[in-house]
Trainee: 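Take a look at the following structure, please.
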Amino acid sequence: MSAALVCAACGTRLRGSDPRTTCACGGLLEVALDGGPRGRALRALCDRRLHGDAGAMGSGVWRFRELLGLGRGERVTHPEGNTRLYWRDAVSRYTGVADLALKHEGENPTGSFKDRGMTVAITHAVHAGASAVACASTGNTSASMAAYAAQCGLPALVFVPAGKVAAGKLAQALAYGARTLLVRGDFDACLRLVREASTALGITLLNSVNPWRIEGQKTIVLELLQQRGWDPPDWIVVPAGNLGNTAAFGKALREAKERGLIARVPRLAAVQAAGAAPFYRSFRGGFRKRFRVAAETVATAIRIGDPASYERGVRAIRQTRGVVAAVSDAAILEAKAVVDAAGIGCEPASAASVAGVRQLRRQGVIRAGDSVVAVLTGHVLKDAESAMRFHERRGPRANPPIAIEPRVSDVERVLRKR
Ligand code: F0G
């Protein structure tokens with residue numbers, strides 16, 4: 001097995017071991033896999049590792065290492081992945097889709113899907129001799145990077161938009177020991193700054209513009225296909241911000257088909273928050289024009305106006321006959337309340353996928369009999385403030401806390417009201 005890095009913009013080809021994470025022309029690099037097992041042999045290899053050890057091969061990322069383009073060597077792994085699929089009647093009723101599975105990426109070690117891309121990108125960074133790592137983040141990437149950098153002893157530098165990151169995520173970055181910069185600007189400004197700073201200062205950039213992040217995030221799709229016995233669903237639905245996941249899902253499906261892991265490619269649905277929906281606007285116009293917007297949404301994880309992986313996101317949607325949707329903040333919060341009340345729980349951005357399923361079902365894009373896997377990208381405790389705000393105010397699905405005196409009669413009064 002060998003891999004190369006190919007620039008999507010100018011076609012430059014680099015060796016897989018090259019430390020660079022973006023092309024000199026400014027274009028995004030992509031890992032091009034070459035050789036290795038295919039079809040039934042590849043399935044069998046990945047399936048054998050399923051019930052294996054708790055080390056690297058037990059990781060829901062490294063189990064698919066033949067598809068990650070990284071050779072042998074020490075791996076920085078927690079391990080990660082192995083997240084569950086949930087079917088819940090209440091969520092199926094809410095969306096109108098009976099066969100709706102929720103893949104809960106909030107079950108990763110730092111509470112979001114980011115750990116999948118991070119284990120691969122950090123491992124590559126270590127192999128390439130990195131001296132420090134950096135990222136811009138709406139919160140989850142920084143929490144993940146901080147944890148993996150701590151694990152391998154690399155200094156970590158985090159750029160987050162001041163006042164726009166959920167407390168749980170910020171607390172993680174601080175607790176894991178990353179030097180954390182609160183930038184007076186939005187995520188898009190943070191990303192521009194960290195891209196400039198990492199080039200100028202020789203720091204390895206770990207945002208999803210780093211091609212190795214995309215490789216790791218492909219395993220969300222590979223793992224869900226494996227969980228379904230390699231029988232693809234009709235749809236895979238994912239929240240979309242910077243479009244790293246959308247790009248990774250497209251690449252995973254392309255490669256899974258090429259390598260004979262699956263016979264048919266599911267359709268992708270990328271779901272944005274209506275207040276942060278430049279990709280949706282482009283989709284509506286047949287992708288003839290790229291948009292940049294000033295983003296605002298309660299789902300701070302996807303409060304992004306100028307997605308870095310725009311081109312590869314377009315490719316993913318086109319190649320899977322996919323769609324892009326936009327859902328209101330109210331729809332996101334309602335969907336979150338449904339997922340939470342089913343005992344599963346997720347952060348607001350994650351619920352965009354469930355809100356998207358409901359909307360696409362109502363529009364007839366997703367049919368009642370379709371099989372759908374919607375990805376929940378982050379854990380409910382990432383953004384506890386959002387849940388508290390929702391439940392403390394009056395609303396049809398609100399479950400406000402009730403203050404009482406320490407008396408049984410007060411408890412009884414509360415019980416009678418129910
Ligand atoms: N859901 C959650 C919980 C996220 O944290 C993110 C992105 C997304 C969805 C969107 O994924 O960017 O690949 O389209 N969070 C990044 C961060 C931007 O910095 O943590 P995407």
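Order of appearance sets the numbers: ligands from 1, and atoms from 1 within every ligand. Nothing fancy with the numbering, it's 1 onward along the sequence. What you see below is based on every heavy atom in this structure, not just the backbone, and it leaves out hydrogens, waters and symmetry mates.
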Trainee: Are Asp370 and Arg367 within salt-bridge range, i.e. N to O under 4.0 Å?
Mentor: yes

Trainee: Judging by distance only, is a nitrogen or oxygen of Thr246 under 3.5 angstrom from one on ligand 1?
Mentor: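 Among all N and O atoms of Thr246, none is under 3.5 Å from an N or O of ligand 1.
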
Trainee: Could you list which atoms of ligand 1 come closer than 4.0 Å to a heavy atom of Asn245?
Mentor: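 That gives atoms 13 (O) of ligand 1.
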
Trainee: Holding to ring-ring contact (aromatic ring centres under 6.0 Å, His included), I want the full list of residues that pass it with Phe283, two or more places apart in sequence or in another chain.
Mentor: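 Phe287.
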
Trainee: Which bit of Lys169 is near ligand 1, meaning a heavy atom under 4.0 Å away: side chain, backbone, both or neither?
Mentor: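 For Lys169, no heavy atom sits under 4.0 Å from ligand 1.
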
Trainee: Numbering the atoms of ligand 1 from 1, which are under 4.0 Å from a heavy atom of Ile304?
Mentor: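 Selected atoms, number and element: 18 (C).
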
Trainee: Is Lys251 salt-bridged to Glu258, cutoff N-O under 4.0 Å?
Mentor: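 Looking at Lys251 and Glu258, the cut-off is not met.
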
Trainee: So, taking the atom named NZ in Lys169 and the one named CG in Asp383, what distance separates them when rounded to the nearest 0.5 Å?
Mentor: 6.0 Å

Trainee: Between Glu30 and Arg312, does any side-chain N to carboxylate O distance fall below 4.0 Å?
Mentor: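 No, no charged N to carboxylate O under 4.0 Å.
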
Trainee: Which ligand 1 atoms, with their elements, are less than 4.0 angstrom from a heavy-atom of Ile302?
Mentor: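 It comes down to these atoms of ligand 1: 8 (C), 9 (C), 10 (C).
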
Trainee: If you measure every N/O of Gly244 against every N/O of ligand 1, is any gap under 3.5 Å?
Mentor: yes

Trainee: Quick test of your reading: applying salt bridge (charged side-chain N to carboxylate O under 4.0 Å, His left out), list the pairs with at least one residue in residues 384-394, sequence neighbours left out, ordered by first then second residue.
Mentor: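 Of all non-adjacent pairs touching residues 384-394, none passes salt bridge (charged side-chain N to carboxylate O under 4.0 Å, His left out).
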
Trainee: For atom 20 (O) of ligand 1, what is the closest protein heavy atom, and at what distance to 0.1 Å?
Mentor: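 Here the closest protein heavy atom is Thr141 N, 2.8 Å.
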
Trainee: Which residue supplies the protein heavy atom nearest to atom 12 (O) of ligand 1, what is that atom called, and how far is it?
Mentor: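 Checked against all protein heavy atoms, atom 12 (O) of ligand 1 sits closest to Asn242 N, 2.8 Å.
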
Trainee: Check each atom of ligand 1 against the heavy atoms of Ala240 and keep those under 4.0 Å away; list them by number with element.
Mentor: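 Atoms satisfying the 4.0 Å criterion: 14 (O).
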
Trainee: Can you find an N or O of Leu243 that's nearer than 3.5 Å to an N or O of ligand 1?
Mentor: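 There is such a contact, yes.
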
Trainee: For the pair Lys336 and Asp340, find out whether any cationic side-chain nitrogen is under 4.0 Å from an anionic carboxylate oxygen.
Mentor: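 Salt bridge between Lys336 and Asp340, a charged N being under 4.0 Å from a carboxylate O: yes.
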
Trainee: Going by the side-chain hydrogen bond (donor to acceptor under 3.5 Å, both in side chains) test, name the single residue among Gln217, Arg213, Lys218 that passes it with Glu215.
Mentor: Lys218

Trainee: Can you check whether Ser142 has an N/O within less than 3.5 Å of an N/O in ligand 1?
Mentor: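 In fact, backbone or side chain, Ser142 has no N or O that close.
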
Trainee: Between Glu105 and Arg116, is the closest basic N to carboxylate O distance under 4.0 Å?
Mentor: yes

Trainee: Would Gly241 count as a polar contact of ligand 1, with the cut-off being nitrogen or oxygen pairs under 3.5 Å?
Mentor: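 The answer is yes, given that Gly241 and ligand 1 share an N or O pair closer than 3.5 Å.
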
Trainee: Using a plain distance cutoff, I'd like to know if Ser350 has any nitrogen or oxygen under 3.5 Å from a nitrogen or oxygen of ligand 1.
Mentor: no

Trainee: For atom 11 (O) of ligand 1, find the nearest protein heavy atom and state the residue, atom name and distance (0.1 Å precision).
Mentor: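 Answer, as residue, atom name and distance: Phe113 CZ, 3.7 Å.
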
Trainee: Does NZ or CZ of Arg397 come closer than 6.0 Å to the centre of the six-membered ring of Phe390, within 45° of the ring's axis?
Mentor: no

Trainee: Would you say Gln217 has any N or O atom under 3.5 Å from an N or O of ligand 1, going by distance alone?
Mentor: no

Trainee: Looking at ligand 1, does any of its N/O atoms fall within less than 3.5 Å of an N/O of Lys114?
Mentor: yes

Trainee: Which of the numbered atoms in ligand 1 are under 4.0 angstrom from any heavy atom belonging to Ser137?
Mentor: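 So the atoms of ligand 1 that pass are 17 (C), 19 (O), 20 (O).
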
Trainee: Between Lys103 and Glu223 (salt bridge meaning N to carboxylate O under 4.0 Å), is one present in this structure?
Mentor: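 Answer for the salt bridge query: yes.
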
Trainee: Contact between Ser309 and Leu28 at the side-chain level, heavy atoms closer than 4.5 Å - yes or no?
Mentor: yes

Trainee: Counting non-hydrogen protein atoms only, what is the nearest one to atom 4 (C) of ligand 1? Give residue, atom name and distance.
Mentor: Ala301 CB, 3.6 Å

Trainee: Pull out every atom of ligand 1 sitting under 4.0 Å from any heavy atom of Asn140, numbered as shown with elements.
Mentor: 2 (C), 3 (C), 4 (C), 5 (O), 20 (O)

Trainee: Looking only at protein heavy atoms, which one is nearest to atom 2 (C) of ligand 1, and how far off is it?
Mentor: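 Sorting protein heavy atoms by distance from atom 2 (C) of ligand 1 puts Thr377 OG1, 3.3 Å first.
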
Trainee: Of the non-hydrogen atoms in Leu67 and Leu33, which two are nearest, and what is the gap between them?
Mentor: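 Shortest heavy-atom separation between Leu67 and Leu33 comes out as O-CD1, 3.6 Å.
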
Trainee: What part of Lys382 sits under 4.0 Å from ligand 1 if we count only heavy atoms: the side chain, the backbone, both or neither?
Mentor: neither

Trainee: Within less than 4.0 angstrom of ligand 1, does Thr138 place any heavy atom?
Mentor: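 Within the 4.0 Å threshold, so yes.
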
